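This is a predicted model, so every value here is computed, not measured. The analysis underlying the following values was restricted to heavy atoms, covering all of them including side chains, and did not include hydrogens, waters or symmetry mates.
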Amino acid sequence: MTEVRLLTFNALMRDDVPARLRALGPVLERSGYDIVCLQEVLHRGSARLLRRVTPGYPHRAGTGVVLLAGGLLLLSRWPVRRYRFARFPVAGPARTELLMRKGAQLAVVDTPAGPLAVVNTHLSANRDDDWSEGNRYTSVIRGELEHLARLVAGFEPGLPAVVAGDFNVPRDSPVFTRFAAAAGLRDVLAGDTSTTFRPTPRWPSPPALDQVLVRAAADRPLEARARTVLRDAVLVGDGRELFLSDHYGIEADLSLAG
């Protein structure tokens, strides 16, 4: 079995972005993560900054000239065989978030145990914080999850897969559990309802919005375990202490058969 260490992390596209990304770089360099799935890396300038501060990740996946499609960036210590970005269907209500072109980044990474399908994604936010079936944003997310399930199904069945990112839907939500079942994915943190979003006075008990799911191949078993990380403030260049994001990261240890 080959051990693959993966991180998914919403890096937050506002509030001292350069300072936080400069601080994130050394954290990633020391971490031993093999694959890093980042969300909300919106500008090419941010991607260039991350390239400078993460030299241990020579392989990248990101699409776009000025803005990164979906704000998605994948870093890898191993070669990325191929990748593409697929945008989610546009659906109302109208909101500035639509300018991000949210969707999924689909890549195949050549690990020592063979190719691994990696999907990095960021779904639409629920501005009502209401994930009931009849909510207007739940309808948007349901459509995006159905599209994502079809994208995952499009990978070759012989490829083990990991799907990670900011799903903006609670882990125990029926719309999310239906998606996992339809896509043939196992939720690595199923049953764990501890938050992945930093509590605030306005939102003191947020749900678990970031997820990691896996799919084994018929002849290539895939075991996984995960936990939340990047919860603490870090020291940035000018001496201040900042949180790296308003989200926590999820670290996943994948055991992949060759």
Do Gln105 and Tyr83 have a side chain donor and acceptor closer than 3.5 Å? no
Review point. Is it true that the side chains of Gln39 and Thr8 contain a donor and an acceptor less than 3.5 Å apart?
Key: yes
Inset, instruction - May I have the step-by-step check of salt bridge (charged side-chain N to carboxylate O under 4.0 Å, His left out) for Asp15 and Arg20, ending in yes or no? - result: CA-CA 9 Å; Asp15 302 337; Arg20 288 186 295 97; over 6 Å; no
*Measure from the side-chain N and O atoms of Thr54 to the backbone N and O of Leu50, and report whether any donor-acceptor pair falls under 3.5 Å.*
yes
Q. Can we say Asp238 and Arg22 salt-bridge, meaning some charged N sits less than 4.0 Å from an Asp/Glu carboxylate O?
A. no
*asked:* Any donor-acceptor pair under 3.5 Å linking the side-chain atoms of Arg171 with those of Thr196?
replied: no
Practice problem: Give a yes or no on whether Ile250 and Leu28 share a hydrophobic cluster (residues Ile, Leu, Val, Met, Phe, Trp, Tyr; joining criterion: side-chain heavy atoms under 4.5 Å apart). | Solution: no
Would a single hydrophobic cluster contain both Val163 and Leu6, if residues Ile, Leu, Val, Met, Phe, Trp and Tyr are joined by side-chain heavy-atom contacts under 4.5 Å? no
Are any of the side-chain nitrogens in Arg178 or Glu133 under 4.0 Å away from the carboxylate oxygens of its partner? yes
_With a 4.0 Å cut-off on N to O distance, would you call Arg150 and Glu144 a salt bridge?_
no
Is the distance from the ring center of Phe167 to that of Phe176 below 6.0 Å? yes
I'd like to know if the side chain of Arg231 pairs up with that of Thr228 as donor and acceptor (distance under 3.5 Å, no hydrogens or angles considered).
yes
Scanning both residues in full, the closest heavy-atom pair of Arg84 with Leu151 reads NH2-CD2, 3.8 Å
By side-chain contact (heavy atoms from CB on, under 4.5 Å), Ser205 pairs with (sequence neighbours left out) none
Smallest heavy-atom separation, Val41 atom then Ala47 atom, equals CG1-N, 4.0 Å
Check the hydrophobic clustering (I, L, V, M, F, W, Y; side-chain heavy atoms under 4.5 Å; chains of links allowed) and say if Leu123 and Val119 are grouped together.
yes
Closest non-hydrogen contact found for Ala113 with Arg220 is O-NH2, 2.9 Å
Heavy-atom nearest pair, Tyr137 first then Ala125, reads CD2-O, 3.6 Å
Arg44 and Gly62 have their tightest heavy-atom pair at NH2-O, 3.2 Å
Q.
Under 3.5 Å, is there a donor on one side chain and an acceptor on the other for Tyr33 and Arg5?
A. no
For His122 and Met100 the tightest heavy-atom approach is ND1-CE, 4.2 Å
Q. Hey, what's the ring geometry for Phe197 with His247, parallel, tilted or perpendicular (30° and 60° as the breaks)?
A. perpendicular
Check whether Leu159 and Leu256 end up in the same hydrophobic cluster, where Ile, Leu, Val, Met, Phe, Trp and Tyr are linked by side-chain heavy atoms less than 4.5 Å apart. no
* Pair Ser194, Arg227: side-chain N/O donor-acceptor within cut-off below 3.5 Å -> no
Show your reasoning for whether side-chain hydrogen bond (donor to acceptor under 3.5 Å, both in side chains) applies to Ser124 and Arg95. CA-CA 10 Å; Ser124 291; Arg95 55 204 186 277; 3.0 Å; yes
